[in-house]
Amino acid sequence: MAMAALRREGRRFAPLISPRPITAFRSSPLAPTREDEGPIGVRYISTQVVRNRMKSVKNIQKITKAMKMVAASKLRAIQTKAENSRGLWQPFTALLGDTPSVDVKKNVIVTVSSDKGLCGGINSTSVKISKALHKLNSGPENETKYVILGEKAKAQLVRDSKKYIELIITELQKNPLSYTQVSVLADDILKNVEFDALRIVFNKFHSVVSFLPTVSTVLSPEIVEREAEAGGKLGDLDSYEIEGGETKGEILQNLTEFQFSCVMFNAVLENACSEQGARMSAMDSSSRNAGDMLDRLTLTYNRTRQASITTELIEIISGASALEG
């Protein structure tokens, strides 16, 4: 009797039943969209969506952990070179000094950056300092140009400072860095750019989580002679005796070229160390964030699965009660 009554009621309300089940409104971001829904009759598709997202987060976590290990390996290889290269430019600083406040007409800002991203804000910091130096040294009688090393600084400076860019060098770290390679690049810069002062902007490496934006200044031989005649620290150059047939101007020319190549070599290595250290920190943070997200997704999955099981039990009990009644 009960089954017959249910069939009669079903035939009575059949025209009012939607041919497709109505999907309840979900405020959760894990609610399936129309594309996520399966064919009619497939239930609890939201748990499948959560499983897919959990799988994606696990894959991302594996990638970030692998990138952190690769960055640590590269850092160990470059750090020794960077520490040894500091002994090259320090004697020049003791002899010629480092005068960032010198006022000259032709300034060239050499911005050292990386070719790859995912290394925090070290490239943005170098670009900001370069723009600040450009604004500080620009004027009606002064000329300031850029020399860019690295894709990341190029991408940022080309947008609003394209007319001031004199030279762009990329893929510097495609091969292992060596003094011969950097000295050739320094020679190209000296041949193609007219300058009174070269200002090299880079990130000096201190530790994996600490690097200091640094500006090193290399003056042209003419400006060095002018500053030496004006006195100050550069005036001590006259106390040295010159042996051989070279004049003071020729010696200053050679010293300037050698100083620039040594400073460039150290700047490139220091910036490469800072890049790998920043990438290690960034990938470590990404791995931890992926772990936190995975924990939240696991909790959401368990709650959704438990809710579906509870709903099925209620439906079974309700059906059994209806049949008994």
Side-chain angles (χ1 to χ4, degrees), residues 89 92-93 95-113 122-150 152-170 182 185-204 212-237 248-268 270-271:
W89 61 268
F92 288 104
T93 302
L95 177 63
L96 302 176
D98 192 347
T99 53
S101 60
V102 64
D103 185 18
V104 295
K105 292 183 177 180
K106 295 181 180 180
N107 293 276
V108 176
I109 301 172
V110 183
T111 306
V112 183
S113 68
I122 63 169
N123 297 315
S124 299
T125 303
S126 297
V127 171
K128 287 179 182 178
I129 293 176
S130 300
K131 289 182 177 180
L133 286 174
H134 186 278
K135 185 178 181 180
L136 183 64
N137 293 285
S138 297
E141 298 181 357
N142 297 340
E143 181 184 6
T144 306
K145 297 289 185 179
Y146 287 113
V147 172
I148 300 174
L149 274 68
K152 293 303 174 180
K154 170 189 171 184
Q156 296 185 48
L157 290 173
V158 163
R159 288 197 296 264
D160 53 359
S161 306
K162 187 175 182 179
K163 61 181 179 179
Y164 300 114
I165 297 176
E166 193 76 14
L167 186 65
I168 298 175
I169 301 172
T170 58
V182 176
L185 295 178
D187 188 54
D188 290 340
I189 294 173
L190 293 174
K191 287 180 179 178
N192 295 300
V193 178
E194 295 183 2
F195 70 96
D196 290 332
L198 289 162
R199 306 180 190 274
I200 301 96
V201 181
F202 62 98
N203 293 281
K204 188 174 182 180
L212 181 66
T214 307
V215 180
S216 295
T217 305
V218 177
L219 303 178
S220 65
E222 295 80 10
I223 302 300
V224 171
E225 284 194 77
R226 188 192 73 181
E227 295 293 321
E229 292 173 359
K233 187 173 182 179
L234 295 179
D236 297 338
L237 288 174
K248 182 179 179 180
E250 293 173 343
I251 289 178
L252 287 176
Q253 179 72 29
N254 294 334
L255 283 175
T256 299
E257 294 178 359
F258 191 32
Q259 179 189 13
F260 179 56
S261 62
C262 292
V263 172
M264 275 284 296
F265 182 54
N266 176 253
V268 170
E270 295 278 2
N271 199 80

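Bear in mind the structure is a predicted one, so any value in this text is a computation, not a measurement.
- The shortest side-chain heavy-atom distance between Ser126 and Asn203 falls under the 4.5 Å cut-off.
- Nearest heavy atom pair, residue Ala267 against residue Val112, reads O-CG1, 4.3 Å.
- The shortest distance between side-chain heavy atoms of Phe195 and Leu190 falls below 4.5 Å.
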**Message:** With side-chain contact (heavy atoms from CB on, under 4.5 Å) as the criterion, how do Asp188 and Ile169 come out once you've worked through the C-alpha distance, each side chain's angles and the decisive distance to 0.1 Å?
**Reply:** CA-CA 10 Å; Asp188 290 340; Ile169 301 172; 5.7 Å; no
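- Taking 4.5 Å as the limit, some side-chain heavy atom of Asn142 sits within range of a side-chain heavy atom of Asp103.
- To the nearest 0.5 Å, the span separating CG on Leu185 from CZ on Phe260 amounts to 9.5 Å.
- Summarising the geometry of Gln253 relative to Pro221, their closest heavy-atom pair is OE1-CG, 3.1 Å, with the distance given to 0.1 Å.
- For the pair Ser261 and Ala186, the tightest heavy-atom approach, listed with the atom from each and the gap, is CA-CB, 4.0 Å.
- Tested against Gln156, the residues Ser130, Ser161, Ser124 include a single side chain to side chain contact (heavy atoms under 4.5 Å, CB included) partner, Ser124.
- Between Ile148 and Ala153 the shortest heavy-atom distance is CG2-CB, 3.7 Å.
- Counting only heavy atoms from C-beta outward, the side chains of Glu270 and Leu212 never approach each other to under 4.5 Å.
- Atom OG of Ser220 sits about 8.5 Å away from atom CG of Leu198, to the nearest 0.5 Å.
- The shortest side-chain heavy-atom distance between Lys131 and Asp160 falls under the 4.5 Å cut-off.
- A donor-acceptor distance shorter than 3.5 angstrom exists from the side chain of Asp196 to the backbone of Lys106, with no hydrogens or angles considered.
- The distance from atom CG of Asn192 to atom CG of Asp187, rounded to the nearest 0.5 Å, is 9.0 Å.
- Between Val110 and Val218 there is no side-chain heavy-atom pair separated by less than 4.5 Å.
- The side chain to side chain contact (heavy atoms under 4.5 Å, CB included) with Lys145 is formed by just one residue from the set His134, Glu194, Glu166; it is Glu166.
- Rounded to the nearest 0.5 Å, atoms CD (Glu250) and CG (Leu255) are 12.0 Å apart.
- For Thr111 (side chain) and Ile200 (main-chain N/O), no donor-acceptor pair under 3.5 Å exists by modelled atom type.
- Arg226 places a side-chain heavy atom less than 4.5 Å from the side chain of Val104.
- Atom-to-atom distance recorded for Thr217:OG1 and Asn107:CG is 9.0 Å, nearest 0.5 angstrom.
- With rounding to the nearest 0.5 Å, the separation of CG in Leu149 from CG in Leu167 is 8.0 Å.
- Taking the six-membered ring for Trp and thresholds of 30 and 60 degrees, Tyr164 and Tyr146 have ring planes more than 60 degrees apart, a perpendicular arrangement.
- Between Val108 and Val147, the closest side-chain pair of non-hydrogen atoms falls below 4.5 Å.
- Residue Asn137 comes nearest to Thr144 through the heavy atom pair O-OG1, 3.3 Å, listed as atom of the first residue, atom of the second, then distance.
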